Amino acid sequence: MKNNHSCQAGPAAAEQSAVAHESCASGFTRMRSKLSFDRLVEMGAKMGLENPLFVCHDRAAKATTLVSGKEYLNFSTYDYLGINAHPEITEAVTKAASVFGTSAGASRLVGGERPPHRELEQAMADLYEVEDCIAYVSGHATNVSTLGFLFGPRDAIFHDGLAHNSLVQGSRLSGAARYSYAHNDCDALEEMLKTRRSEHKRAVIVTEGLFSMDGNIPDLPRIIELKKKYDCMLLVDEAHSLGVLGKTGRGVREYYGIKPTDVDMWMSTLSKAMCGCGGFIAGSRELVEFLKYGSPGFVFSVGMPPVIAAACSKALEIMLREPQRVHKLQQITRFFLEYAKSKGLDTGAAQGYAIVPVMVGDSMVAGFLSAALFKRGIYVMPVTFPAVKEGTARLRFFLSAAHQEEHIRKTLDAVAEELPKAQAIVEKYQREHQDEAQTDEKSCMK
Ligand SMILES: Cc1ncc(COP(=O)(O)O)c(C=O)c1O
């Protein structure tokens, strides 16, 4: 697996670690071979494809990025509002660092808080018009720890089939019965609630506000109806909708005009439109207090670095002050959809909000297409099984308010040209290696 663009300590370091892996029978080399990412990269390497993962950037990734001194159009990071490295954010971070340093030093429960923590939480509670908010040091841990802590074996968690890994992991950790309903299918959800809800003490429905794989939006008003009808709580993960949906970026709540308290837990990460890292749960004071005293990912983990809290507060301030960024993001995504359609490209279920897949089907075709685009100065990642179902591999484009129409034209023209070439490479390889595959199959059946 070679990758000429990852941030390595030098060729010697890479060689040494490879030797260490090979010589250690109890190491992880064999276990790694089971990872689907690795299998894909290995398969790609056999077919002459360079590893597209762990690319090392020379500066902040924005609408464009710099890799090994070369500029690329960037569609692989989530700077939705185009404010990563914004001078006001950098200034806020510098000021906070000079007063508070870079670490919270301990869990906030025992090591105490810094003003940026509470300022950020208050601002998020105000944004969602709920009583309070708790910020965790990681977005992934927010979901794992919140669901894992709040629910137990007598409870049930009903989640969308495409819910993010952190939501699924949290559900598993809780020990609650876990019911995954077909993606965005409220009839399927209702069917499950009808047959299963009464078997459990408490129940929660879990959805995303904007789905990260397809760029589509759930029917939240209907989910709220179901939550009320079947006496459930509701958690909405706003990771990709905060800063993206609604006239002012207030997310799926603003998009539909939802009453804030109709959702029990407004969750979001801070790593996307908010240009930081971490996550939060906004909701009732009682819920937030309970999490603050009990949720392991908060109680037993260091507080978010105050500099990051300061960065996120400033990002939120910019979002609210400059709604034109949200409008621009929505406009450029619509343009992307229209232009893709005019080129005959399939954008799946995308609705025109920051995330647009270009459907490719085969995982290796997606890999080759991504590599060909990289050579042409376009950085966009393939998404393959197991992140999405087999046969639904795609290139996933994250758009930013900083993208321009000419960026989109250049990119989609290149996609339309390179897609048939990538398909041809994979088909040729499959034809040439058909015999090998059949021999492998036979030996497996013996
Ligand atoms: C829907 C969703 N929830 C949670 C997370 C985890 O957030 P983070 O990457 O900030 O830890 C992600 C990450 O991409 C996500 O897409």
Side-chain angles (χ1 to χ4, degrees), residues 37 53-54 61 75-81 83-84 120 124 128 133-148 157 159-173 180 183-184 204-218 220 223 234-245 251-253 255 263 265-282 295-298 301-305 308-309 311-312 315-316 349-351 353-357 380-384 386-388 394 396-400:
F37 272 129
L53 310 176
F54 299 107
F75 297 97
S76 287
T77 55
Y78 325 95
D79 182 18
Y80 291 139
L81 298 175
I83 55 177
N84 192 21
L120 174 65
M124 288 300 175
Y128 282 91
C133 171
I134 172 176
Y136 291 70
V137 70
S138 141
H140 193 279
T142 303
N143 281 335
V144 174
S145 205
T146 301
L147 289 172
I157 299 178
H159 68 75
D160 188 281
L162 283 190
H164 187 260
N165 171 278
S166 53
L167 297 163
V168 176
Q169 295 299 334
S171 305
R172 287 201 173 124
L173 178 67
S180 164
H183 174 53
N184 245 351
V204 60
I205 301 170
V206 172
T207 182
E208 293 180 25
L210 175 70
F211 284 94
S212 63
M213 287 301 163
D214 293 278
N216 58 343
I217 302 168
L220 198 56
I223 294 178
L234 176 58
L235 183 152
V236 179
D237 180 332
E238 290 271 88
H240 300 276
S241 24
L242 175 59
V244 173
L245 295 184
V252 73
R253 180 173 78 84
Y255 177 87
V263 171
M265 289 168 264
W266 291 105
M267 181 276 166
S268 183
T269 63
L270 294 160
S271 57
K272 279 104 183 146
M274 295 300 106
C275 281
C277 88
F280 66 82
I281 301 281
S295 180
F298 185 83
S301 190
V302 71
M304 164 186 288
I308 296 295
C312 296
L316 180 61
Q351 287 180 239
Y353 297 96
I355 300 168
V356 186
V380 57
M381 280 287 112
V383 180
T384 59
V388 290
R394 72 246 356 232
R396 183 171 50 160
F397 291 85
F398 294 120
L399 292 154
S400 156

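Computed over heavy atoms, backbone and side chain alike; hydrogens, waters and symmetry mates excluded. Worth saying up front: this structure is predicted, and the values here are computed from it rather than measured. Counting starts at 1 for both ligands and their atoms, following the listed order.
Screening Thr146, Thr142, Asn143 against Tyr136 for a side-chain hydrogen bond (donor to acceptor under 3.5 Å, both in side chains) leaves a single residue, Thr146.
Looking only at distances, a side-chain donor or acceptor of Asn84 sits under 3.5 Å from a matching main-chain atom of Ala61.
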Before you tell me yes or no, could you show the steps for His240 and Tyr78 under ring pair (Phe, Tyr, Trp, His ring centres under 6.0 Å), namely the whole-Å CA-CA distance, both residues' side-chain angles and the distance that decides it to 0.1 Å?
CA-CA 9 Å; His240 300 276; Tyr78 325 95; 5.5 Å; yes
Yes or no on side-chain contact (heavy atoms from CB on, under 4.5 Å) for Phe280 and Leu242, after CA distance, side-chain angles and deciding distance?
CA-CA 12 Å; Phe280 66 82; Leu242 175 59; 4.3 Å; yes
Could you go step by step and tell me if Val252 and Val236 meet the side-chain contact (heavy atoms from CB on, under 4.5 Å) rule?
CA-CA 9 Å; Val252 73; Val236 179; 4.0 Å; yes
Show the numbers, then the answer: is there a side-chain hydrogen bond (donor to acceptor under 3.5 Å, both in side chains) between His140 and Ser138?
CA-CA 6 Å; His140 193 279; Ser138 141; 5.5 Å; no
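If you look at ligand 1, the protein residues with a non-hydrogen atom under 4.0 Å away are Tyr78, Gly139, His140, Asn143, His164, Ser166, Glu208, Asp237, Ala239, His240, Thr269, Ser271, Lys272.
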